[in-house]
*Asks:* 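Sharing a structure below in structure tokens format, with a few things to ask.
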Amino acid sequence: MSELVLDAHWVEQLRRALLRWFDAHKRPTPWRDNPDPYRVWVSEVMLQQTQTATVIPYFERFLARFPTVQALAAAPLEEVLRYWEGLGYYARARNLHKAAQQVAQNGGQLPTTAEQLRKLPGIGAYTASAIASIAYGQPTPVVDGNVTRVLARLLWLKGDLKTTAAQKQLWQLSAQTIDPQRPGDFNQAMMELGSTICTPTQPRCSECPVSHLCAAYQRNQP
DNA sequence: CTCCTGTCCT
DNA sequence: AGGACAGGAG
């Protein structure tokens with residue numbers, strides 16, 4: 001697979017337009033209002049396989065009961081699972097609890113790099129990078145379903161995007177586009193664009209802040 | 001790499 | 001009933 005190098009001016013325009021849109025249109029969420037690492041972590045785990053609107057009330061209740069890593073670590077698993085009831089994918093809650101106990105054991109401070117975060121149960125490549133960028137301001141790229149779709153349309157990437165080679169290229173592209181000044185906001189903006197504007201079917205290109213930079217839009221086939 | 005989990009859609 | 005999804009685990 002060829003090493004696609006993006007045009008620096010195009011990347012600069014993408015960052016500006018996307019962040020301007022995000023500043024004006026981002027959905028208010030409790031973890032954005034107060035993005036401490038533990039809260040970002042809990043939110044990212046809850047957001048796996050679950051939509052933002054569903055997560056918000058669970059997040060509020062969960063954080064009210066388990067406001068810190070230490071509180072979560074000290075709680076019985078049974079109770080953690082009760083607070084998770086209705087969210088599904090209960091392995092997420094078991095892993096979160098187990099990881100909280102590991103973190104508490106190490107002084108209660110979350111690891112600060114994606115590589116270290118990745119070692120905790122329930123934190124894979126995506127979640128590690130999301131926490132590192134959003135909570136710690138590191139320029140770590142994310143690639144989820146939304147980012148995949150947005151990049152594929154922007155750059156007119158064809159073919160099966162699920163293959164290992166394609167995913168590898170997407171991570172590499174995401175690393176090129178991410179704004180080093182505001183990595184967490186940039187990552188969130190890409191994902192939010194994908195979930196609200198650049199949707200899988202019937203994307204709302206007329207409302208898209210980066211349609212002028214989009215190869216698919218210019219070909220009239222998003 | 002394959003398998004797994006609940007939900008959503010057909 | 002069956003398949004797609006979306007992440008992580010093994």
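Scope of the values below: all heavy atoms of this structure, side chains included, with no hydrogens, waters or symmetry mates. By convention in this document, chain letters (A, B, ...) are assigned in the order of the sequence lines, proteins followed by strands, and residues within each chain are numbered from 1.
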*Asks:* Output the rounded distance in Å from CD1 (Ile123(A)) to C1' (dG7(C)).
*Replies:* 13 Å

*Asks:* Roughly how far, to the nearest 0.5 Å, is the CD atom of Glu44(A) from the CD1 atom of Ile123(A)?
*Replies:* 10.0 Å

*Asks:* From the options dG7(C), dC1(B), dA9(C), select the nucleotide whose nearest atom is closest to the side chain of Arg118(A).
*Replies:* dA9(C)

*Asks:* What is the separation between atom CE on Met46(A) and atom P on dA6(C), rounded to the nearest whole Å?
*Replies:* 20 Å

*Asks:* Would you classify Thr127(A) as touching base, sugar-phosphate or nothing, given that sugar-phosphate means primed atoms plus P, OP1 and OP2, and contacts are heavy atoms under 4.0 Å?
*Replies:* sugar-phosphate

*Asks:* Atom CG of Leu170(A) and atom P of dA6(C): how far apart are they, to the nearest Å?
*Replies:* 14 Å

*Asks:* What is the separation between atom NZ on Lys168(A) and atom C1' on dC1(B), rounded to the nearest whole Å?
*Replies:* 16 Å

*Asks:* What I'd like to find out is whether the side chain of Gln48(A) reaches to under 4.5 Å of the side chain of Thr127(A), using heavy atoms alone.
*Replies:* yes

*Asks:* For dC5(C), take OP1 and OP2 only and decide whether either is under 4.0 Å from a side-chain N or O of Lys162(A).
*Replies:* yes

*Asks:* Taking the six-membered ring for Trp, are Phe62(A) and Tyr58(A) closer than 6.0 Å centroid to centroid?
*Replies:* no

*Asks:* Just so I know, are the side chains of Phe66(A) and Leu96(A) near enough to count as touching, which here means a heavy-atom distance under 4.5 Å?
*Replies:* no

*Asks:* How would nucleotides 2-7 of chain B be written as a contact map, 5' to 3', with B for base contact, S for sugar-phosphate-only contact and - for no contact, using protein heavy atoms under 4.0 Å?
*Replies:* ---BB-

*Asks:* Restricting to non-hydrogen atoms, name the atom on Gly124(A) and the atom on Arg118(A) that form the minimum distance, rounded to 0.1 Å.
*Replies:* C-CD, 3.4 Å

*Asks:* Apply salt bridge (Lys or Arg N to Asp or Glu O under 4.0 Å) to Asp179(A) and list each qualifying residue two or more places apart in sequence or on a separate chain.
*Replies:* none

*Asks:* Could you state the CZ-P distance from Arg94(A) to dA9(C), rounded to the nearest angstrom?
*Replies:* 14 Å

